[in-house]
Amino acid sequence: MYDPTTLEEKWQAFWAANRTNEPDLDAAASPYYNLMMFPYPSAEGLHVGNLYAFTGADFHARFQRLRGKDVFEPIGFDAFGIHSENYALKVNAHPMDLIPKSIANFTRQLGRSGIMYDWSHTVDTTDPDYYRWTQWIFLQLYDAGLAVKKEAPVNWCPSCKTVLANEQVEGGKCERCGTEVGQRLLSQWFFRITEYTERLLANLDWIDWSPSTLTAQRNWIGRSEGALLRFLLAGDRDETLEVFTTRPDTVFGATFMVLAPEHPLVEELTTADRRSEVEAYRSTAAAIDLVERRKTDERTKTGVFTGGYAVNPATGEDIPVWIADYVLMEYGTGAIMAVPGHDQRDFEFARQFGLEIRPVVAPAAVVEAAGDTTSVELDFRDEAFVEHSEDECLINSGQFSGLPAAEGAARIVAWLGQRGLGEPKVNYRLHDWCISRQRYWGPPIPILYCDACGTVPVPEEDLPVVLPYLEQFKPGDDGIAPLAKDESFYLTTCPSCGGEARRETDVSDTFMDSSWYFLRYPSTDFDDRPLDPTRTHRWLPVDMYIGGEEHAVLHLLYSRFITMALHDLGHVPFEEPYVRFRKHGLIIREGAKMSKTKGNVVNPDEYIDRYGADTFRTYLMFLGPYQEGGDFRDSGIVGPQRFLSRVSDAVEAAIDQGATGFPDPAVERAVHLTISQATRDFENLSFNTAIAALMELLNKLRAGGRVPTLDEARPLVIMLGPIAPHLAEELWQTLGGEPSLFEHAEWPTFDPAKLATDTVEIPVQVNGKLRATISLERGATEETASATALADEGVQRHIGDASVRKTVYVPDRLLNLVVG
RNA sequence: GCGAAAGUGGCGGAAUCGGUAGACGCGCCAGCCUUAGGAGCUGGUGGCCCGAGGGCCGUGGGGGUUCGAGUCCCCCCUUUCGCACCA
């Protein structure tokens with residue numbers, strides 16, 4: 001009788017007492033670091049989505065363990081951040097009181113889930129013993145010139161009352177609360193991740209990650225090649241307008257320019273008669289609901305003329321300068337040269353305001369037909385001509401007319417470069433990482449400001465800068481951080497001159513906490529150093545990282561950057577933190593997304609109470625392909641429940657009967673086939689098919705009320721280990737194995753010779769349609785196969801009077817007779 | 001709009017190299033066991049036709065390559081997820 005509750009309590013107690021899940025971090029012979037993305041400990045408790053992710057990672061870890069690896073599988077808590085802080089505000093509590101309770105609850109829930117965590121090496125980002133080293137990392141980057149303070153327009157969420165990183169803005173709205181994000185100018189700390197852009201990009205070519213995650217990172221970095229061109233302001237003024245373009249070949253067609261409304265040169269350019277209109281547009285542009293316009297496909301262009309002109313560096317003509325909100329300040333230089341003939345957005349803008357459209361690129365065939373490059377007629381009915389392959393050439397472009405577009409681009413940039421008006425340029429979407437947060441719930445940034453000495457880093461020996469327990473931690477709407485209201489925190493003395501100094505009162509971004517937690521796990525027992533060199537060398541980089549694709553660009557990019565920077569500073573011997581990364585899918589419920597408002601969230605506790613952790617794990621991994629996610633249907637969980645119960649019954653029956661060996665060759669073959677199949681499936685994280693393979697084997701072992709022998713049952717029990725570890729331990733012990741299964745059992749191997757049969761059933765097709773199956777000796781010749789097939793009544797009937805024109809024979813696979 | 005992935009029974013999903021489509025599970029049907037079953041066990045289960053031997057159709061739609069296509073190529077439709085006026 002299978003009774004999960006007692007069984008699971010028994011084995012969880014055994015694992016804890018025997019430290020089964022704690023590898024010897026100093027002596028392990030084959031270290032394998034299996035990492036999963038640590039959770040944010042929400043007050044609502046563990047979400048089944050977390051458990052889905054962790055369970056798959058644990059299947060992998062236990063599989064590696066049974067294959068002889070010393071697997072280190074740690075867990076921790078990403079407990080700082082806006083999410084916790086907002087929740088505390090909502091329930092009128094203090095995060096410093098709430099978080100320990102949430103962590104305790106998570107620990108309880110994870111403890112009964114059957115996951116092989118090493119609880120002796122955990123991390124809590126809000127623990128001063130941890131964030132001391134987060135601050136230490138800031139200091140390392142500061143000393144290296146990679147942490148800089150700059151005044152910058154930043155995304156400001158009026159509801160959360162904080163600055164947001166670009167990554168935290170989704171479609172112009174705050175990713176947390178959905179409020180529309182505005183802009184503010186503040187002095188902020190930035191990490192210069194853009195110094196690492198090319199390396200972050202280049203390494204994507206060799207790290208072993210899920211392809212979609214690699215693509216997401218490439219797109220996020222957003223490399224594009226082009227040129228920086230300079231347009232002098234008309235009227236002999238000193239300033240130039242710089243633009244980035246990917247199409248320098250079209251510069252002769254630039255008939256106007258467009259600046260982002262907040263571009264700093266707008267003031268300078270605007271003429272007196274245009275001032276009121278420009279001012280009006282600038283103030284409304286910020287308020288216009290860009291988000292709504294982006295959602296609808298309606299892309300009506302708006303903008304106003306500044307009254308100012310700039311000089312097209314190629315033609316020497318004065319062209320009007322406009323402002324419009326379709327040009328974004330945060331990309332490129334915040335200004336563009338508009339080429340309405342060859343850019344769809346500029347085309348629409350020109351149409352809207354009646355500006356000149358001048359063709360400068362045309363298909364080579366059209367040019368040839370026209371005879372020369374000045375009399376080409378292009379018809380701009382409703383779209384710009386954007387092609388520029390080798391089949392297009394320049395027209396109306398002075399001495400460059402007639403050149404292929406690509407060649408023309410290079411020649412034009414070189415030509416402008418001679419006059420200092422242009423140069424090749426690679427532009428990136430990626431910006432420096434703003435880590436300042438005017439919030440409370442994060443590690444204080446370890447910097448002091450002294451009137452005499454200026455900006456002074458907190459000496460390493462003074463770390464951690466402890467976050468005080470602030471009664472009033474609610475952020476103000478003035479952009480001033482909560483810590484700035486606590487004199488006892490910010491008033492201090494300068495370590496350099498001993499004079500009065502003031503602490504930085506911003507805290508750092510949560511993504512900084514999570515950018516290095518995996519580096520810390522192996523070294524948590526050292527409190528005098530962040531990373532023990534020997535431990536780090538033995539365990540890192542991470543062998544397998546499993547996590548959600550929602551972190552494809554944020555966490556995964558920042559942690560790669562931090563690791564690279566620490567590598568350059570000599571603190572870690574590798575520059576990529578994760579050798580392998582695999583994304584897992586998302587789990588939905590009865591075809592719909594899980595959400596609190598729908599009330600369809602799965603609470604793991606209820607299911608574990610009712611079915612046990614083993615059944616719950618098995619079901620989670622069985623309901624669909626792990627890397628794609630799946631649909632959690634309550635009706636489906638009884639399948640895995642029956643399966644585990646039947647395995648238990650089968651082993652009990654085997655013991656009662658006491659037979660050994662492999663008396664039935666067909667069953668022996670099935671055992672070997674299953675080992676082969678399940679091994680491959682586990683290697684590929686195809687847990688759903690691995691479970692199916694074991695179910696199939698069980699069906700064969702029990703076919704027609706059969707009782708398996710002990711030797712037939714044993715491999716099944718071992719392979720059940722990663723899936724249902726408690727039950728597998730119990731059955732292993734019942735079969736006479738010494739516990740723990742994970743220390744004393746070995747993953748079974750299969751004998752390829754045992755997979756083959758003497759005879760094979762192969763399909764016979766006539767003209768590609770299945771007509772019969774025949775039994776042949778393995779490796780039979782085509783003659784034998786044809787003869788056997790032609791002797792078959794059903795085959796004969798389909799051939800009739802026709803003759804066999806062609807025979808396709810794939811030995812041991814198929815025979816196809818082509819007649820006609 | 002751009003990018004990525006995916007469309008297979010009543011449902012969740014299988015199908016290494018182009019070679020017997022629907023493994024495994026849920027549900028359903030029949031039988032057994034039971035005082036009883038929302039328990040357990042055994043067997044069956046893509047659709048349509050049938051003279052009971054089989055036949056035809058079938059992996060979103062339409063073309064194509066091939067002896068043979070869920071799988072490869074072209075066009076189209078739908079869904080999901082990213083990004084979203086990126087110059």
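Numbered from 1 within each chain, the chains take letters A, B, ... in sequence-line order.
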Response to the item:
Note: contacts of residues 632-652 of chain A with RNA chain B (heavy atom, under 4.0 Å) are R633(A), S635(A), V638(A), G639(A), R642(A), R646(A)
Worksheet item: Nucleotide by nucleotide, 5' to 3', does protein get under 4.0 Å of the base (B), only the sugar-phosphate (S), or neither (-) in nucleotides 66-72 of chain B, counting heavy atoms?
Response: -BS----
Fill in: side-chain hydrogen bond (donor to acceptor under 3.5 Å, both in side chains) partners for R805(A), two or more places apart
none
Response to the item:
The side-chain hydrogen bond (donor to acceptor under 3.5 Å, both in side chains) partners of E262(A) (sequence neighbours excluded) come to none
Worksheet entry | Sugar-phosphate or base contact per nucleotide [nucleotides 50-57 of chain B; S, B, -; heavy atom under 4.0 Å] | ----SSSS
Worksheet item: So H551(A) and F511(A), would you call those rings parallel, tilted or perpendicular, with 30° and 60° as cut-offs?
Response: perpendicular
Worksheet item: Below 3.5 Å, does any donor atom in the side chain of R813(A) face an acceptor in the base of U20(B), or the other way round?
Response: no
Worksheet item: Can you list the residues that meet the side-chain hydrogen bond (donor to acceptor under 3.5 Å, both in side chains) rule with Y331(A), with sequence neighbours excluded?
Response: S224(A), N427(A)
Fill in: N688(A) vs G25(B): side-chain N/O to OP1/OP2 distance below 4.0 Å
no
Side-chain polar contacts of residues 628-636 of chain A - donor-acceptor pairs under 3.5 angstrom, sequence neighbours left out - could you list them?
residue: D631(A); atom: OD1; partner: E590(A); partner atom: N; Å: 2.8
residue: D631(A); atom: OD1; partner: G591(A); partner atom: N; Å: 2.9
residue: D631(A); atom: OD2; partner: G591(A); partner atom: N; Å: 3.0
residue: D631(A); atom: OD2; partner: R633(A); partner atom: NE; Å: 2.9
residue: D631(A); atom: OD2; partner: R633(A); partner atom: NH2; Å: 2.8
residue: D634(A); atom: OD1; partner: R589(A); partner atom: NH2; Å: 3.1
residue: D634(A); atom: OD1; partner: Y607(A); partner atom: OH; Å: 2.9
residue: D634(A); atom: OD2; partner: R589(A); partner atom: NH2; Å: 2.9
residue: D634(A); atom: OD2; partner: Y607(A); partner atom: OH; Å: 3.1

Discussion item. Requiring both pairing distances under 3.5 angstrom, list the stems that contain RNA chain B and are made of three or more consecutive Watson-Crick or G-U pairs.
Written reply: B:1-7 with B:77-83, B:10-12 with B:24-26, B:27-32 with B:40-45, B:46-49 with B:54-57, B:60-64 with B:72-76
Item to complete: Take the protein atom CD1 of I588(A) and the nucleotide atom P of U80(B), then report the distance between them rounded to whole Å.
Response: 11 Å
Item to complete: Give the rounded distance in Å between these two atoms: CD of E330(A) and P of A87(B).
Response: 13 Å
Worksheet item: C85(B), G3(B), C24(B): which one has an atom nearest the side-chain heavy atoms of Y326(A)?
Response: C85(B)
Fill in: I691(A) CD1 to G13(B) P, straight-line distance once rounded to whole Å
14 Å
Worksheet item: With sequence neighbours excluded, what pairs up with P4(A) under the side chain to side chain contact (heavy atoms under 4.5 Å, CB included) test?
Response: Y2(A), E8(A)
Fill in: Gap between atoms CG and C1', on L673(A) and A23(B) respectively (whole Å)
13 Å
Could you write out each protein N or O paired with an N or O of nucleotides 5-10 of chain B at a distance under 3.5 Å?
none

Worksheet entry | Between C1' of A87(B) and NE2 of H388(A), the distance in whole Å | 12 Å
Worksheet item: Taking atom P in both U35(B) and U45(B), what distance in whole Å separates the two?
Response: 32 Å
Worksheet entry | Nucleic acid contacts - residues 244-252 of chain A versus RNA chain B, non-hydrogen atoms under 4.0 Å | F244(A), T245(A), T246(A)
Worksheet item: Say you pick atom C1' in G7(B) and the same atom in G22(B); how far apart are they, in whole Å?
Response: 16 Å
Discussion item. Checking N219(A) against R429(A): is there a side-chain donor and acceptor pair closer than 3.5 Å?
Written reply: no
Worksheet item: M695(A) side chain: which of G3(B), A87(B), G25(B) is closest?
Response: G25(B)
Discussion item. For a quick check of understanding: with a heavy-atom distance under 4.0 Å over all strands, which category does P625(A) fall into, base, sugar-phosphate or nothing?
Written reply: sugar-phosphate
Item to complete: Compare every heavy atom of V386(A) with every heavy atom of Q344(A), then report the nearest pair and how far apart it is.
Response: N-CG1, 4.4 Å
Practice prompt. Might you point out which heavy atoms bring T250(A) and H342(A) nearest each other, and give the distance in Å?
Written response: CG2-CB, 4.1 Å
Discussion item. Is the ring pair W209(A)/F581(A) parallel, tilted or perpendicular, if the boundaries are 30 and 60 degrees?
Written reply: tilted
Solution key, residues 685-694 of chain A side-chain donor-acceptor pairs under 3.5 Å, sequence neighbours excluded:
residue: T689(A); atom: OG1; partner: D681(A); partner atom: OD1; Å: 3.4
residue: T689(A); atom: OG1; partner: D681(A); partner atom: OD2; Å: 3.1
residue: T689(A); atom: OG1; partner: S686(A); partner atom: O; Å: 3.0

Discussion item. Both T689(A) and G705(A) contact RNA chain B. Which one's nearest nucleotide lies toward the 5' end?
Written reply: T689(A)
